[in-house]
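Note that the numbering runs from 1 along the sequence shown for the chain. Keep in mind it's a predicted model, so treat the numbers as computed, not measured.
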Amino acid sequence: MEKRGYIRILVIILFFASISIGYTQDFKVIRDRIAQGVVSEKGRYANKNRIKEYMDKMNDGAFNDVDYKDTTDTNWKPIEHLKRLELLAIAYTTEGNQYYKNPELLKKIEKGLKFWAKAHPKSTNWWHNDINAPKQLGRVLIVMSTALGSINQTVIDECLSQMKDTRSADEMTGANKVDIAIQNIYRAAISEDAPLMEKSVEYVYEPIALTLEDEGIQYDYSYFQHGPQLHISSYGSEFIKGAYTTAYWFVGTPYALPKEKAAILNKYFFDTYVSGIRGRNMDFNLEGRGISRQDALDKGWIADFKNEDNLLSKIALVAGSAYSKKVEDLKKRLTDYNAVGEGITPEHIYFWKADYTIHKRPEYSFNVRAVSPRTRRTERGNNENLLGRVLPDGSTNIQVYGGEYRNIMPFWEWDKIPGVTARDYDEDKEITINWGKEAGTSSFVGGVSDGVYGATVYTQDYDGVKAKKSYFFFDDAVVCLGSDITSKEKENITTTVNQTYSRGDIYGLQNGQITSITNEGNITADAIWHNDIGYVFPKKTKLELSNKNQRGSWGQINKRFPLTELEDKIFKLWINQGVSPTNATYEYIVLPGISKDELVNNYANQYIKVLENNGKIQAVEDTKLNITQAVFFEPGTLAWGKDKVIVDKPCILQLRELPNKSTVISVADPNQTETEVNITYIKSGKDHKLNIQFPNAPYRGQTVQRTF
């Protein structure tokens with residue numbers, strides 16, 4: 001019995017020893033992957049001259065040109081200390097670097113860490129204190145952990161203690177929760193703390209879920225942050241970076257991403273986030289206040305060819321072989337300016353939780369941003385996005401080549417955002433309410449979609465301007481209608497067709513003849529063509545055109561940047577509804593990805609028919625596709641040709657005639673308050689009666705389809 005007891009004890013000891021060895025191996029794998037990512041991302045900056053410069057500038061652990069007393073909330077200067085230490089650590093641990101395992105450099109790194117732990121600089125912005133600095137400090141320690149025993153353990157413990165002294169991930173939501181969890185993962189990996197690692201992984205995976213809360217991935221696969229506010233790219237970028245990077249660290253370990261979480265993450269990235277990108281440039285509507293940051297729209301970093309450990313390589317490993325084709329297509333689009341349409345299939349997405357529309361084709365993308373009492377207007381915060389007041393008021397992002405709006409923001413006239421109806425101020429007005437705390441005012445905001453085609457409506461009541469604005473999406477054309485445009489204000493009320501970089505000549509089509517336009521101001525034309533986009537005006541319209549240099553600065557829209565004046569040539573086309581209009585209207589058709597010769601042919605053979613454009617109904621028919629779309633602002637009847645549709649509730653619907661003579665009806669409730677709608681469709685003298693039950697929350701506003 002005694003011998004058996006010893007054996008039992010020995011087995012238990014060996015069992016726990018094997019677990020310990022397993023954890024140690026897992027932690028080493030995790031540390032090595034994190035360090036590899038840091039080196040791949042920043043290694044090219046750890047060159048001989050820069051490392052020598054930083055070493056020369058360090059005295060007793062501090063850099064003599066860094067202001068450690070700075071507490072500003074945006075460009076916080078002390079963080080430069082940790083960024084430099086990161087490069088020093090990379091140089092010390094990277095074979096082939098001139099400073100690899102250099103004893104003098106090691107002393108500098110240790111003193112730099114010791115100084116930071118003691119000085120503990122603080123910003124007035126909690127984000128720097130609880131996320132930015134701890135994450136940056138963790139990256140330095142992780143890189144140095146590959147050179148075991150190189151740093152005094154006491155110094156490491158002091159740094160880890162500082163990292164621990166931050167907000168808990170429990171207090172955070174969305175991308176902020178992920179960021180805090182990541183710095184805890186660094187701490188757990190360095191200290192080989194298994195319970196902390198398990199808890200941190202739980203936190204980092206927690207936001208990878210559909211949520212009923214106002215922050216995170218919504219049930220329509222949009223992304224909210226700071227309340228019900230659209231942040232698909234801004235905070236959504238941080239979310240995907242954090243989620244995919246951590247999932248990559250844990251592949252093949254006990255902390256691997258569960259399959260059900262992977263499915264949600266992949267759908268959000270490939271179906272939502274990627275759908276907002278044309279070429280390598282994101283829709284400006286998805287950047288939140290980040291729209292005011294230089295190069296914010298450029299997403300080339302996802303597949304950065306200079307970084308072998310780029311995000312797309314991690315995504316490919318985590319997503320697996322089922323997504324290989326999508327990964328390769330995305331890589332081409334992000335890295336080859338001539339491949340903007342590579343792998344894109346026609347798709348129409350309406351995000352009923354976010355009041356946002358994506359319409360994409362291989363030849364172009366056309367997206368619309370709106371706002372309702374259920375969502376929030378674009379935020380101003382940390383003195384960023386000072387002028388983006390009207391961004392959510394039906395703005396349109398029209399891209400053929402992808403770079404139409406990249407870094408255009410300093411030059412924009414901000415009350416003439418593409419697609420928006422607004423007051424034409426003498427000077428751009430600032431946002432006065434911070435952090436997106438201002439909700440929309442009109443509830444009749446929504447969209448219908450069958451996955452390929454659809455329509456969107458935005459009922460506007462903002463800044464003294466009321467309007468009913470609808471957008472109808474087909475293959476070659478997008479129709480924009482406005483009605484009931486009313487204002488008592490003293491400024492002209494304008495609807496901007498587009499405001500983009502001026503690239504090449506401008507042509508006007510009048511009475512079937514197309515000629516170059518060189519004049520500005522008031523113009524008369526049936527259609528305008530510029531940079532492979534046609535703008536058709538079915539009715540006589542009071543158009544105004546500007547094609548000249550516009551001046552501005554990043555500092556005017558974001559106080560983080562200097563007021564250095566810049567200028568570029570801007571094409572700006574708008575409709576003038578005049579001062580104090582009453583029930584004014586507009587109609588225009590956008591034909592993206594079209595040559596000027598094709599514009600003449602398309603205009604001469606129109607297949608787009610505007611059926612109604614008033615305060616009761618806005619409706620359009622595409623006779624080539626056999627699609628009719630209508631917005632009913634109240635119960636009513638739409639009659640066209642021999643057909644008729646009658647509804648007993650306000651709604652938005654689409655009728656699509658299929659080659660097999662069946663009809664697909666798609667319908668949605670923009671108010672998101674109705675339980676049902678009764679529809680009568682009279683086709684060729686035959687009545688079809690339908691009772692459509694609308695879905696409950698969280699799917700209120702989602703499209704319902706029937707075939708008959």
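- Two residues are said to be in side-chain contact when any heavy atoms from C-beta on lie closer than 4.5 Å; I485 and I493 meet this criterion.
- One finds the OG atom of S372 at 9.0 Å from the OH atom of Y458 (value rounded to the nearest 0.5 Å).
- Taking all atoms of both residues into account, the shortest heavy-atom contact from P228 to R374 is CB-O, 3.5 Å.
- For the pair R376/V371, no side-chain contact is recorded, criterion being any heavy-atom separation below 4.5 Å from C-beta on.
- Residues passing the side chain to side chain donor-acceptor pair (under 3.5 Å) test with N75, sequence neighbours excluded: none.
- With sequence neighbours left out, A169 forms a side chain to side chain contact (heavy atoms under 4.5 Å, CB included) with K177, I180, Y203.
- Taken to the nearest 0.5 Å, the OG atom of S275 stands 10.0 Å off from the CZ atom of F269.
- In the displayed structure, E171 atom CD is contacted under 6.0 Å by more than 12 heavy atoms of other residues, nucleotides or ligands.
- I185 and T246 get closest at one heavy-atom pair: CD1-CG2, 4.0 Å.
- Between the Q460 side chain and the T421 main chain, a donor and an acceptor come within less than 3.5 Å of each other.
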- Task: Please assess T74 against N383 for the test side chain to side chain donor-acceptor pair (under 3.5 Å), listing each intermediate value before the final yes or no.
- Result: CA-CA 8 Å; T74 52; N383 286 316; over 6 Å; no
- Message: For T357 and N367: C-alpha separation, side-chain torsions, deciding distance, then whether side-chain contact (heavy atoms from CB on, under 4.5 Å) applies.
- Response: CA-CA 5 Å; T357 305; N367 307 334; 5.9 Å; no
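- Not one N or O on the side chain of Q218 forms a donor-acceptor pair closer than 3.5 Å with the backbone of A354.
- Under the rule for a ring pair (Phe, Tyr, Trp, His ring centres under 6.0 Å), Y471 has no partner lying at least two apart in sequence or in another chain.
- With respect to E238 and K241, a salt bridge is recorded, a charged nitrogen being found less than 4.0 Å from a carboxylate O.
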Expected list for residues 344-351: side-chain donor-acceptor pairs under 3.5 angstrom, two or more places apart:
from: E347; atom 1: OE1; to: K360; atom 2: NZ; distance (Å): 3.2
from: H348; atom 1: ND1; to: H359; atom 2: ND1; distance (Å): 3.0

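- Side chains of N385 and S292: no donor on one and acceptor on the other come within 3.5 Å.
- Residues Y535 and N498 have side chains that bring a donor and an acceptor to within less than 3.5 angstrom of each other.
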- Worked verdict on M409 versus W554 for side-chain contact (heavy atoms from CB on, under 4.5 Å): CA-CA 8 Å; M409 289 72 203; W554 287 104; 4.2 Å; yes
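- Listed by chain and residue number, T211 satisfy the side chain to side chain contact (heavy atoms under 4.5 Å, CB included) test with E213 (two or more places apart in sequence, or in another chain).
- Heavy-atom minimum distance, F284 versus N397: CD2-ND2, 3.0 Å.
- For D329 and R333, the salt-bridge test fails: no basic side-chain N is under 4.0 Å from an acidic carboxylate O.
- In this structure, the separation between CD1 on I398 and CG on N531 is 11.5 Å, given to the nearest 0.5 Å.
- Listed for the K569 side chain is no donor-acceptor partner under 3.5 Å among the backbone atoms of S502.
- With N281 contributing its side chain and G402 its backbone, the two residues share a donor-acceptor pair below 3.5 Å.
- One finds no salt bridge joining D336 and K332 here, because no Lys/Arg side-chain nitrogen approaches an Asp/Glu carboxylate oxygen to under 4.0 Å.
- With 3.5 Å as the limit, one finds a donor-acceptor pair spanning the side chains of D450 and Q654.
- The salt bridge (charged side-chain N to carboxylate O under 4.0 Å, His left out) test with D393 singles out one residue from R377, R423, K466, and that residue is R377.
- Looking only at side-chain heavy atoms (C-beta outward), Y223 and Y273 stay at 4.5 Å or farther from each other.
- Between the K326 side chain and the F270 main chain, no donor and acceptor come within less than 3.5 Å of each other.
- Inter-residue side-chain proximity for L265 and F239 is flagged as met; some heavy-atom pair is nearer than 4.5 Å.
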- Assess whether side-chain contact (heavy atoms from CB on, under 4.5 Å) is satisfied between W301 and N307, documenting all intermediate values. CA-CA 9 Å; W301 54 266; N307 177 8; over 6 Å; no
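- For Y235 and H226, the distance between ring centers is under 6.0 angstrom.
- Taking 4.5 Å as the limit, some side-chain heavy atom of W435 sits within range of a side-chain heavy atom of N382.
- Aromatic ring centroids of Y588 and Y586 lie under 6.0 Å apart.
- Cation-pi geometry between R503 and Y401 is not satisfied (NZ or CZ under 6.0 Å from the ring centre, within 45° of the ring normal).
- Considering all non-hydrogen atoms of both residues, V448 and T703 come closest at CA-OG1, 3.4 Å.
- Partner of E287 under the salt bridge (charged side-chain N to carboxylate O under 4.0 Å, His left out) criterion, out of R293, K299, R369: K299 alone.
- Taken from CD in E404 to CD in Q399, the straight-line distance is 6.0 Å, to the nearest 0.5 Å.
- Using cut-offs of 30° and 60° for the angle between ring planes, the Y699 and W352 rings count as tilted.
- Under the 4.5 Å side-chain criterion, counting only non-hydrogen atoms from C-beta, I533 is not in contact with Y364.
- In terms of heavy atoms, A477 sits closest to L591 at CB-CD2, 3.5 Å.
- With 3.5 Å as the limit, one finds a donor-acceptor pair spanning the side chains of Y356 and D283.
- Both the sub-6.0 Å distance and the 45° axial angle are not jointly satisfied by K353 relative to the ring of F224.
- Side-chain contact between R361 and D475: present, with at least one pair of heavy atoms (C-beta onward) separated by less than 4.5 Å.
- For the pair D309 (side chain) and G37 (backbone), a donor-acceptor distance under 3.5 Å is present.
- For D130, the side chain to side chain contact (heavy atoms under 4.5 Å, CB included) criterion is met by W126, T166, R167, not counting sequence neighbours.
- With contacts defined as side-chain heavy-atom distances shorter than 4.5 Å, the pair I315/Y323 does not qualify.
- At a threshold of 4.0 Å, the pair R389-D415 does not count as salt-bridged, since none of the basic side-chain nitrogens sits closer than that to a carboxylate oxygen.
- In this structure, the side chain of Y501 engages the main chain of I408 through a donor-acceptor pair within 3.5 Å.
- The closest donor-acceptor contact from the side chain of Q618 to the backbone of K468 lies under 3.5 Å.
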- Message: Apply side-chain contact (heavy atoms from CB on, under 4.5 Å) to residues Q499 and I570 and explain how you reach the verdict.
- Response: CA-CA 7 Å; Q499 184 179 191; I570 303 299; 3.8 Å; yes
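- Side-chain atoms of T494 do not come within 3.5 Å of backbone N or O of D424 as any donor-acceptor pair.
- Using modelled atom types and a 3.5 Å distance limit, the side chains of D220 and S222 yield a donor-acceptor pair.
- With hydrogens and angles disregarded, no donor-acceptor distance shorter than 3.5 Å links the side chain of D214 to the backbone of G227.
- The 12-atom threshold is exceeded at NZ of K572, counting heavy atoms of other residues, nucleotides or ligands nearer than 6.0 Å.
- Heavy atoms only, all atoms of each residue included: T459 and S442 are closest at O-CB, 2.9 Å.
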